[in-house]
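The block underneath contains the structure these notes are about, expressed in structure tokens.
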Amino acid sequence: MEGMAPNALLADLEARGLIHDSTDRAALEARLEAGPITVYVGFDPTAPSLHAGNLLPLLMLKRFQDAGHRPIALAGGATGMVGDPSGRSDERNLLDDDALARHLAGIVPQLRQFLDFDRPGNPAKLLDNRAWTVGVSYLSFLRDVGKFVTVNQMASKDSVKNRMASDQGISYTEFSYMLLQAHDFAWLYENEGCEMQMGGSDQWGNIVLGLDLIRRKTQGSGFALTVPLLTKSDGTKYGKTAGGETIWLDAEAMSPYRFYQALIQTDDAEVRTLLLQLTLLPVEDVETLVADHLVAPHLRLGQRRLATELTTLVHGASAADAAGAASDVVFGGDARGLDASTLAVLAHEIPTMAFDRARLDDEGSLVPLLREAGIVASNGEAIRLLNQNGLSLNDSKVGPGAVIERSMLLHDRYLLVRKGKKQVHLFEFSDSDEARRERG
RNA sequence: GGGUCGGUGCCCGAGUGGUCAAAGGGAGCGGACUGUAAAUCCGCCGGCUUCGCCUACGUAGGUUCAAAUCCUACUCGGCCCA
């Protein structure tokens with residue numbers, strides 16, 4: 001990627017469907033061919049973690065860096081205090097200082113991990129717009145920024161127009177947001193030589209206002225490039241699981257395993273787009289993969305690759321391997337033959353219940369253990385389940401009267417318990433403290 | 001305040017003295033099918049020490065051999081009148 005010519009970059013982005021809109025395309029092409037350019041994308045700390053929807057603009061920075069350009073990831077410590085009205089139908093709640101600090105602490109490392117800050121020639125930068133915003137007085141902001149922008153201009157932006165037309169209206173605070181963003185762009189232009197801002201398509205108005213400000217203040221010119229908002233085939237915004245759960249990038253908020261699962265469950269119709277837009281796989285590879293996928297959709301090759309690529313990108317290769325292995329076990333795999341370390345990973349990813357090894361000596365212990373683990377709600381349900389052939393221990397079906405024997409334990413420790421096809425629990429048996437002490 | 005109708009299992013909703021753990025539907029859970037989807041089909045679906053027992057039909061009493069079903073009080077909700 002390192003030596004890729006700039007116009008090749010644009011062509012690649014085009015092929016991936018990553019260009020929603022841009023200012024003067026020919027001029028941009030010429031500018032990219034002329035040499036490295038500095039580009040930035042802003043991320044407001046609206047939550048303690050970025051989510052899947054943020055991946056696309058974040059990866060844009062990476063794509064530009066990989067093509068030899070200088071990326072700036074901008075954390076919106078200042079803009080996050082105000083709230084961007086773009087793409088929203090209602091007023092945001094203001095964040096208090098604590099929440100803002102917490103959110104920033106969460107997303108800054110995430111921004112960091114996607115870019116290379118030590119790359120010779122074009123290292124990435126991570127800036128926080130608080131640095132040049134908090135010290136600015138209201139009066140000077142009005143004089144130095146406000147004077148260059150007309151309200152007519154601001155009011156004509158979709159983000160504002162839509163809200164003006166709504167019952168709820170728009171607060172002066174959120175109305176002012178675009179000025180802050182424009183100010184950021186202008187500041188970066190003057191101080192960091194940043195010529196281009198990228199963002200989701202809903203950012204177009206804000207970005208262009210920044211360009212206007214730059215032109216009027218400095219007679220300079222820059223570029224805007226927006227990426228499409230990721231949407232699912234049903235038109236809704238991407239970034240949530242089928243169940244409506246947000247796909248967080250933070251491992252605490254969503255474990256790598258669940259992240260991987262969220263991606264595995266991608267619709268066939270969306271696989272190609274997501275592979276193109278969210279991974280760094282070459283376009284030809286994606287096309288080959290998609291072709292293979294269509295031949296045998298049940299293998300879910302596309303989904304697997306997507307899940308692996310993104311989990312690796314976000315959580316690292318070993319986490320991706322573990323999530324993949326755990327996933328294979330849960331869906332269709334066989335517990336027997338798993339090594340201890342995979343089982344240990346599994347113990348973190350699926351519901352796991354620890355039991356005292358002594359419980360194994362009780363012949364009738366299966367039903368109570370199932371109950372304690374929350375697998376069944378009553379003895380009656382346990383018996384029903386067994387009668388209906390719905391329970392398996394270490395992937396062999398068991399019927400009424402089944403018992404857990406020590407010899408069944410995997411690595412003398414684990415028992416994989418499946419209820420039906422989708423519910424998987426792990427039992428982990430260990431010695432009680434007393435037993436351990438007695439043995440010395 | 002008066003009248004009236006009603007409060008049933010996770011939800012909706014039948015049932016008006018025994019054959020009622022209570023029809024039917026939904027949700028949920030198994031099974032088949034399948035691509036970790038949807039649809040469809042089958043089974044289950046109060047608890048327990050499960051051929052029996054216990055707990056349940058707003059709450060508390062009562063009548064009866066027997067009550068979700070009848071009576072009384074209370075309570076909560078809908079509607080109508082004031």
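Predicted model only: the values in this text are computed from it and were never measured. We name chains A, B, ... by the order of the sequence lines, and we start the count at 1 in each one. Note: hydrogens, waters and symmetry copies are ignored here, and every other heavy atom, side chains too, is used.
- Side chain of E349(A) to backbone of S255(A): no donor-acceptor contact under 3.5 angstrom is found.
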With the criterion being N/O to N/O and under 3.5 Å, what pairs connect the protein with nucleotides 37-40 of chain B, and how long is each?
residue : atom : partner : partner atom : Å
rA37(B) : OP1  : K422(A) : NZ           : 2.5

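- Under the side chain to side chain contact (heavy atoms under 4.5 Å, CB included) test applied with L426(A), the options V329(A), L410(A), L416(A) reduce to a single match, L416(A).
- For the pair R418(A) CZ and rG31(B) C1', the interatomic distance rounds to 16 Å; values are reported in whole Å.
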Check the pair R119(A) / D66(A) against salt bridge (charged side-chain N to carboxylate O under 4.0 Å, His left out), numbers first and verdict last.
CA-CA 10 Å; R119(A) 186 170 301 183; D66(A) 288 346; 3.2 Å; yes

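- An anti orientation is assigned to rC53(B), its glycosidic angle lying beyond 90° of 0.
- R112(A) forms a cation-pi arrangement with F117(A), by the criterion of a distance under 6.0 Å to the ring centre and an angle within 45° of the ring axis.
- Rounded to whole Å, the separation between the C1' atoms of rG35(B) and rU8(B) comes to 43 Å.
- Residue Q303(A) places no side-chain atom within donor-acceptor reach of the base of rU36(B), judged by atom type and a 3.5 Å distance cut-off alone.
- The gap from the C1' atom of rA67(B) to that of rC12(B) amounts to 25 Å, rounded to the nearest Å.
- Contacts between residues 308-325 of chain A and RNA chain B, defined by a heavy-atom separation below 4.0 Å, involve no residue at all.
- Only the C1' atoms considered, rG9(B) is 28 Å distant from rC65(B), to the nearest whole Å.
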Item checked: Residues Q203(A), Q197(A); criterion side chain to side chain donor-acceptor pair (under 3.5 Å); working and verdict -> CA-CA 10 Å; Q203(A) 292 293 307; Q197(A) 182 182 172; over 6 Å; no

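- Side-chain atoms of Q277(A) come within 3.5 Å of backbone atoms of G17(A) as a donor-acceptor pair (strictly under, hydrogens ignored).
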Reading nucleotides 46-51 of chain B from 5' to 3' and marking B where a protein heavy atom lies under 4.0 Å of the base, S where only the sugar-phosphate is that close, and - otherwise, the string is -SSSB-

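- Applying the ring-ring contact (aromatic ring centres under 6.0 Å, His included) definition to pairs two or more places apart or across chains, those involving residues 300-330 of chain A are F259(A)-H315(A).
- Across all strands shown, rG17(B) forms no Watson-Crick or G-U wobble pair with both key distances under 3.5 Å.
- When the shell of 6.0 Å around CD of E252(A) is examined, it contains 12 or fewer heavy atoms from other residues, nucleotides or ligands.
- A heavy-atom distance below 4.5 Å is not found between the side chains of L391(A) and V376(A).
- Within 6.0 Å of CE on M154(A) lie more than 12 heavy atoms contributed by other residues, nucleotides or ligands.
- By the 30° and 60° cut-offs, the orientation of the rings of H69(A) relative to F64(A) is tilted.
- The aromatic rings of F175(A) and Y172(A) lie tilted to each other, with the angle between the two planes from 30° to 60°.
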For residues 294-305 of chain A, run the donor-acceptor check on the side chains, cut-off 3.5 Å, and write out each pair with its distance to 0.1 Å, sequence neighbours left out.
residue : atom : partner : partner atom : Å
R300(A) : NH2  : I264(A) : O            : 2.9
Q303(A) : NE2  : T266(A) : O            : 2.9
Q303(A) : NE2  : D268(A) : OD1          : 2.9
R304(A) : NE   : L299(A) : O            : 3.2
R304(A) : NH1  : D328(A) : OD1          : 3.2
R305(A) : NE   : E309(A) : OE2          : 3.0
R305(A) : NH2  : E309(A) : OE2          : 3.2

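- Annotation: rC29(B) and rC74(B) have their C1' atoms spaced 40 Å apart (nearest Å).
- Each of rG30(B), rC33(B), rU36(B) was ranked by its minimum atom distance to the side chain of K421(A); first place goes to rC33(B).
- Residues from residues 292-300 of chain A lying near RNA chain B, meaning a heavy-atom separation below 4.0 Å, are H298(A), R300(A) in numerical order.
- At the heavy-atom level, D268(A) lies under 4.0 Å from base atoms of the strands shown.
- Considering every non-hydrogen atom in both T226(A) and W204(A), the closest pair reads CG2-CE3, 3.6 Å.
- Atom name P, nucleotides rG25(B) and rC54(B): the rounded distance is 31 Å, in whole Å.
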